[in-house]
Amino acid sequence: MTTAPFRPLRAAEVTAWDHEADVVVAGYGIAGVSAAIEAARAGTDVLILERTGGWGGAASLSGGIVYLGGGTPLQRELGFEDTPENMKRFMLAALGPGADEAKISEYCDGSVEHYHWLTDNGVVFKPAFWGEPGWEIPGDDGLMYSGGENSAPFNEIATPAPRGHVPQMSNKRTGEQGGGYMLMKPLAETAESLGVKTVFDIRVQRLIVDDTDRVVGIAAKKYGKEVFVRARRGVVLTTGSFAYNEAMITSFAPQLIGRPAAAIEEHDGCSIRMAQALGADLAHMSATEVAFFADPQLMARGILVNGRGQRYVPEDTYPGRIGQLTLLENDNQAYLIIDEAAYEQGCTTTSSTPYFRFPPKWAAETVAELESDMGLPEGTLQATVEVYNRHAAAGTDPVLGKKPEWVTPIGTPVAALDLRNCTAGFTLGGLRTTVNSEVLHVSGEPIPGLYAAGRCTSGVCAGGYASGTSLGDSSFFGRRAGVAAASAECGRMSHGFDSIEPM
């Protein structure tokens, strides 16, 4: 049977089913396992199809930050007040423009319950707060600021509250062994205990539909052999972003050409393409998270300037926001201006990313000399440092609002770290879904039998980003997908194939 990739397959063309379940989940990352758990608890038979040889996906290789708030037990125990309304104000401001208010409202209102769901399923959050600048928590503390909540301009929009909840884990290595493993492990064990079945080393390729265009299964390949999987109630797509699909990046998010930063290369957009072929709608396909390869401990102690020698971001904010503003609004041009004392002090601190502590490219006795060595327009860097220092002498930063504890005049000797082109990222856009994770057709109606969650969908982020929102909304709306798929009526196969037994 030879057909075009991604184009839906009619059930009438399937002569035998290799596997069958009530709910079929494509992808065994955080969204997939969350969907599987809820579908199994609803009393349905669940099968996960996973492209690799084991569970985990990008989630298991991540830092494990889950964005939760509204007054979680961990927040309250550590003395931080938060409400769903306060959390919503921040998320709407930080994750837009165009953020899905309905999804954010559901997410904020359900955040405390979702925290309990995670802990009830074995995820452990140590009651300790990490308050230093950083991409991740270097130790096993459980709570951190992970989106710039306590930095300008957001600290004036909503009351700052740390919402980065990190599963307890020691001996971390950022990008290799992080808290994400201790998020996925107990959830995978829960799914197994509920009887969820898995087929590994299988690549999903096409959706299977009946004569009414209801999704009733998936066509896949395993070691080159075609495999047909029937879904009696629904299919849930959770196979990740399109960060490693060069054609899609070129079409939708060209700012990331040549700079993918998803944790696994299997993020190739296959779920998006499969659903598109059935008429699925898309949202925020140009939206991206942007990592910035610099150490936050150093950035907070200096000033970041662009190719014109001008500051453009409060240096003590969430580094992902710095990355977005650098790549998307400042031509990927950035330099960290820092004096010798601040650089040496920053290098003595504990950090999850010490390998981002690059040596300065330029050093000089005066700002004017440094400006000349860097090739910046004459007077630009001098003016920037003069204005910054004048206010820093009084401990303020009226230009960009850096917090007083990080505002110190830049002295001499002074140096500059070359941070040009130090960005990479992953995509945030994808399938347009409802708050119950139904995939929407371009007509605006749900596609019967099809659900999705995670980075193959457009979730709570539309433009901005906060660390933890991917794992947070993937698990939250993954649960919704599992519940919705399990509650759907069984599809009725046409042409008499309803009675075919799986092989």
Side-chain angles (χ1 to χ4, degrees), residues 133 135 148 151-154 255 259 288 290-347 353 356-425 464:
W135 276 106
S151 301
F154 307 118
Q255 66 272 23
R259 55 185 76 250
T288 61
V290 181
F292 190 54
F293 304 140
D295 185 59
Q297 289 279 8
L298 292 181
M299 288 192 290
R301 289 172 165 82
I303 60 171
L304 285 163
V305 301
N306 57 24
R308 297 177 298 279
Q310 301 165 327
R311 291 178 70 212
Y312 59 94
V313 62
E315 296 83 2
D316 60 343
T317 193
Y318 167 55
R321 176 170 168 78
I322 295 174
Q324 285 188 321
L325 291 176
T326 300
L327 175 63
L328 306 181
E329 298 185 16
N330 287 279
D331 302 319
N332 216 9
Q333 303 294 293
Y335 306 93
L336 177 63
I337 310 302
I338 190 168
D339 63 38
E340 183 179 48
Y343 180 81
E344 291 180 352
Q345 181 188 50
C347 287
T353 52
F356 287 164
R357 290 173 175 170
F358 311 122
K361 184 172 183 176
W362 302 276
E365 291 299 323
T366 67
V367 175
E369 181 185 349
L370 181 68
E371 176 186 83
S372 176
D373 292 346
M374 294 172 65
L376 295 175
E378 184 177 357
T380 55
L381 183 61
Q382 294 177 70
T384 295
V385 173
E386 190 279 325
V387 171
Y388 178 79
N389 280 356
R390 187 191 330 148
H391 294 289
T396 64
D397 176 23
V399 177
L400 291 171
K402 184 157 70 166
K403 295 187 293 294
E405 57 262 38
W406 299 113
V407 177
T408 303
I410 295 173
T412 57
V414 63
L417 278 67
D418 188 355
L419 302 178
R420 291 173 293 180
N421 299 310
C422 288
T423 55

How many angstroms lie between CG in N421 and CZ in R259, if you round to the nearest 0.5 Å? 5.5 Å
Check the surroundings of atom CD in E405: do more than 12 heavy atoms from other residues, nucleotides or ligands lie under 6.0 Å from it? yes
Do the side chain of E340 and the main chain of P413 share a donor and acceptor less than 3.5 angstrom apart? no
How about T412 and T366: do any of their side-chain heavy atoms sit closer than 4.5 Å? no
Say whether, by atom type as modelled, one donor and one acceptor occur between the side chain of T396 and the main chain of H391 under 3.5 angstrom. yes
With heavy-atom distances below 4.5 Å as the criterion, would you say the side chains of Y335 and L304 are in contact? no
When you measure from the side chain of Q324 to the backbone of P319, do you find a donor-acceptor pair of N or O atoms at a distance under 3.5 Å? no
Between Y318 and G148, what is the shortest heavy-atom contact and its length? CB-N, 3.3 Å
So among R321, K402, K403, E315, which one has a side-chain hydrogen bond (donor to acceptor under 3.5 Å, both in side chains) with S151? K403
Distance-only, no hydrogens or angles: does the N330 side chain make a donor-acceptor pair with backbone N or O of N306 under 3.5 Å? no
Short side-chain to backbone donor-acceptor contact, D339 and I410, under 3.5 Å: no
Is there a side-chain contact between L370 and I337 (heavy atoms, below 4.5 Å)? yes
If only atom types and distance count, is the side chain of R420 paired as donor or acceptor with the main-chain N or O of A334 below 3.5 Å? no
To the nearest 0.5 Å, atom OG1 of T384 lies from atom OH of Y312 at 12.5 Å
Assess, by modelled atom type and distance only, whether the side chains of T408 and R301 contain a donor and an acceptor separated by less than 3.5 Å. no
Between W362 and D373, what is the shortest heavy-atom contact and its length? NE1-O, 3.4 Å
E369 side chain vs V367 backbone, donor-acceptor pair below 3.5 Å: no
Take the angle between the ring planes of F293 and F356 and call it parallel below 30°, perpendicular above 60°, tilted in between. tilted
What are the two closest non-hydrogen atoms of V313 and T317, and how far apart are they? CG2-CG2, 3.9 Å
